[in-house]
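This report refers to the structure that appears directly beneath it.
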Amino acid sequence: MNSENKLCVYNTITRKKELFEPINPPFVGMYVCGPTVYGDAHLGNCRTFVSYDLMYRYLLHLGYRVRYVRNITDVGHLVNDADEGDDKIAKKARMEKLEPMEIVQRYTLGFRDVMQKFNTLPPSIEPTATGHILEQIEMTQKLIDNGYAYSVNGSVYFDVIKYNQKFQYGKLSGRVIEELIKTERDLDGQEEKKNTIDFALWKLAKPEHIMRWTSPWGKGFPGWHLECSVMSTKYLGSPFDIHGGGMDLKFPHHECEIAQNVGAEGSEPVKYWLHTNMLTVGGQRMGKSLGNYISPDQLFTGDHKMLSKSYSPMTVRFFMLQTHYASTLDFSDEALKASEKGFRKILNGLKTIKELSYQEKQDIFDEALNKDIEQLSSLCYEGMNDDFNSPKLIANLFNLLKYINSFHNKVLNIGALKPENFILLKTTFITFVENILGLKEEKNNNPNMLDDVLKTLLDTYSEAKNRKDYATVDLIRKEIKKQGILIKDTKEGVEWSYEE
RNA sequence: GGUCCUGUGGCCGAGCGGCUAGGCUCAGCUCUGCAAAAGCUGCUACAGCGGUUCGAAUCCGCUCGGGACCUCCA
């Protein structure tokens, strides 16, 4: 690796690009807010997790020992605002006449399946909120003890005003507490709170509420933001290195997380806050409520009015990585089509470079050529070191690809390359494409391909037979037998069967 | 209303004060039995108007356009 230029990341809380220095190298702790499993993940969700997968892979490549924690939210997110209304999972469970945990299981499995299709590495730990009720109760109690929370009628709220007297609430998202109080809308069911901006740590369960746990304040369930505060510090300590999530979580979710951790422990929980930007359609954020939402499966099957065809998971992954994680990514069929071509070009390059062999010749090395290869290789690192700038990396990979193809086609003489630079070219291209961008060949892209190829072969066989070209006939029969397949001529035509 | 981001060639997208990424599309050339692939060449853009500077897509101001967050949201 190129140790001279170091990884820099854009830290939301300082609003600056900073040199990345882990708290306890070589260990790196990374926490990413995962999905709420009450429905299928859509493409926007996927983009976020593909982005963090890129970061995870690069950190691993740099030699860090990364513990990557991504939670599964299986309780606690309310359907309505104002800390009122149903739990999303409980609501869905009632609608579908299922146990809440059946909902959780179904969508957790679905989520993992999609993540696997996108070739994301599984996190080191994937903790669930319901698995950490005890710890959440403990943190709530601690916040009460520290004077930053109060209980009312079996619910517990975080006292934002009180907290703000000593610390600064809103520093991550740039909110001013007075403004927040002013703009807070009139909502029902706020009487329990001292102030409208207070948020729930623990909610009393109404009789009809099916997800409930015993607590010092009665039977209830944890509030929205508590699980991340609890689970991140439980598994990564405090402070830990990286906390990520979509930018829509900056406020209030991450803001509340900070308040909870600081309120409980007195110190900042996170060194680097990273936020990924939204996936948009026609410039507008993809979301269920807007109806412009598209699921991974629709993309893979092409079954959507916005799509002219289907796109493979790797094509979509490449499409996502062609834009920097902090920029909005605009979704369109046309853009996807362009990415598909580019991706295939990369794949062909991968195949070419793997088969390309170095010719041991006594040629005079081309200094300019060698220098260019060296420079392009280091530019790949520079791109990634610059806040995980994958588009920059990809541009340089295409530049390297041009050389790979030129060597392959003998437009350029590979002997003009120094042996060490041939190795450099090869390892750089393969490592970045496969290990860091996480792109791979999709052999099973078309599950019928083998059948189709076989049929073509049999048609050729028949045709040769009609021409009485028995040399070809015999050749085909002989070669295909090596694959354990027998060709049989019947009155109805040509058939095949497995060799017994 | 508040806070913030953003406007790049036919399309997508880097760029963070000088060295005019990259992909896709289009046109032409080379190679080729035909074709494909690949290579080469061309199309040279920064919303508008001012300002700072020897020099601005990049910094500042204004105007116009797009968007996000402020409520669950990746």
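Source: prediction; values computed, not measured. First the proteins, then the strands, lettered A, B, ... as listed; each starts at 1.
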Query raised in the report: side chain to side chain contact (heavy atoms under 4.5 Å, CB included) between A:F331 and A:N292: does it pass, once the steps are laid out?
Result: CA-CA 10 Å; A:F331 176 91; A:N292 60 355; over 6 Å; no

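A:S310 contributes no side-chain N or O that, together with a main-chain N or O of A:G302, makes up a donor-acceptor pair within less than 3.5 Å.
Residue A:K402 is in sugar-phosphate contact alone, with no base atom involved, counting any heavy-atom pair closer than 4.0 Å across all strands shown. Within 4.0 Å (heavy atoms only), A:L279 reaches at least one base atom of the nucleic acid. Looking at heavy-atom distances under 4.0 Å, A:S406 makes contact with sugar-phosphate atoms alone, never a base. Nucleic acid contact class of A:G287 (heavy atoms, under 4.0 Å, all strands): none. Residue contacts for A:K250: at a heavy-atom cut-off of 4.0 Å it reaches no nucleic acid atom on any strand shown.
In this entry B:C62 has B:G48 as its Watson-Crick or G-U wobble partner, both defining distances falling under 3.5 Å. Checking B:G15 for Watson-Crick or G-U wobble geometry (two distances, each under 3.5 Å) identifies B:U8 as its partner. Base pairing annotation: B:C40 forms a Watson-Crick or G-U wobble pair with B:G28, both donor-acceptor distances under 3.5 Å.
In this structure, the side-chain contact (heavy atoms from CB on, under 4.5 Å) partners of A:D386, at least two apart in sequence or on a different chain, are A:K17, A:N389, A:K392. By the side-chain contact (heavy atoms from CB on, under 4.5 Å) test, A:T427 pairs with A:I423, A:T431, sequence neighbours left out. The side-chain contact (heavy atoms from CB on, under 4.5 Å) check on A:R57 picks up A:D53, A:N119, A:L121, A:R317, with sequence neighbours excluded. Shown here are the side-chain hydrogen bond (donor to acceptor under 3.5 Å, both in side chains) partners of A:N370, two or more places apart in sequence or in another chain: A:N421. A search for side-chain contact (heavy atoms from CB on, under 4.5 Å) contacts involving A:D330 returns A:T280, not counting sequence neighbours.
Near RNA chain B, meaning a heavy atom under 4.0 Å from it, residues 46-56 of chain A has A:T48 in order of number. The stretch residues 366-374 of chain A has no heavy atom under 4.0 angstrom from RNA chain B at all.
Listed by first and then second residue, the salt bridge (charged side-chain N to carboxylate O under 4.0 Å, His left out) pairs involving residues 366-375 of chain A are A:E367-A:K418 (not counting sequence neighbours). Applying the salt bridge (charged side-chain N to carboxylate O under 4.0 Å, His left out) test to pairs two or more places apart or on separate chains, those with a residue in residues 270-286 of chain A are A:D248-A:R285.
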Please list, one pair per line, the donor and acceptor atoms closer than 3.5 Å that link side chains of residues 347-357 of chain A to other protein atoms, with sequence neighbours excluded.
| from | atom 1 | to | atom 2 | distance (Å) |
| --- | --- | --- | --- | --- |
| A:N348 | ND2 | A:R344 | O | 3.4 |
| A:T352 | OG1 | A:N348 | O | 2.8 |
| A:K354 | NZ | A:E434 | OE2 | 2.7 |

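When each of A:F251, A:Y157, A:Y163, A:F158 is paired with A:F199, the ring pair (Phe, Tyr, Trp, His ring centres under 6.0 Å) condition holds for A:F158 and for no other.
Separating the C1' atom of B:G61 from that of B:G23 is a span of 36 Å, rounded to the nearest Å.
Candidate nucleotides B:A74, B:C11, B:U71 were compared by shortest atom distance to the side chain of A:P252, and B:U71 ranks first. If you check B:G2, B:A21, B:G39 against the side chain of A:V411, the one that comes closest is B:G39. The side chain of A:E179 sits closest to B:G2 out of B:G2, B:C69, B:C11. When each of B:A38, B:A68, B:C11 is scored by its nearest atom to the side-chain atoms of A:Q284, the top-ranked nucleotide is B:A68. Comparing B:C69, B:A38, B:C11 by their closest approach to the side chain of A:K345 singles out B:A38.
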Report each atom pair, protein N/O against N/O of nucleotides 27-29 of chain B, whose distance is under 3.5 angstrom.
none

Got a list of protein N/O to nucleotides 12-15 of chain B N/O distances below 3.5 Å?
| from | atom 1 | to | atom 2 | distance (Å) |
| --- | --- | --- | --- | --- |
| B:G13 | OP1 | A:D330 | N | 3.3 |
| B:A14 | OP1 | A:H324 | N | 2.9 |
| B:A14 | OP1 | A:S327 | OG | 3.1 |
| B:A14 | O3' | A:N389 | ND2 | 3.2 |
| B:G15 | OP1 | A:N389 | ND2 | 2.8 |

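For the pair A:N405 and B:A38, the criterion of a side-chain N or O lying under 4.0 Å from OP1 or OP2 is not met.
Looking at A:K402 and A:F398, their side chains never come closer than 4.5 Å, going by heavy atoms from C-beta outward.
In this structure, A:F300 has its ring center under 6.0 Å from that of A:F118.
Separation of atoms CG (A:D40) and CZ (A:R106) is listed at 8.5 Å; rounding is to 0.5 Å.
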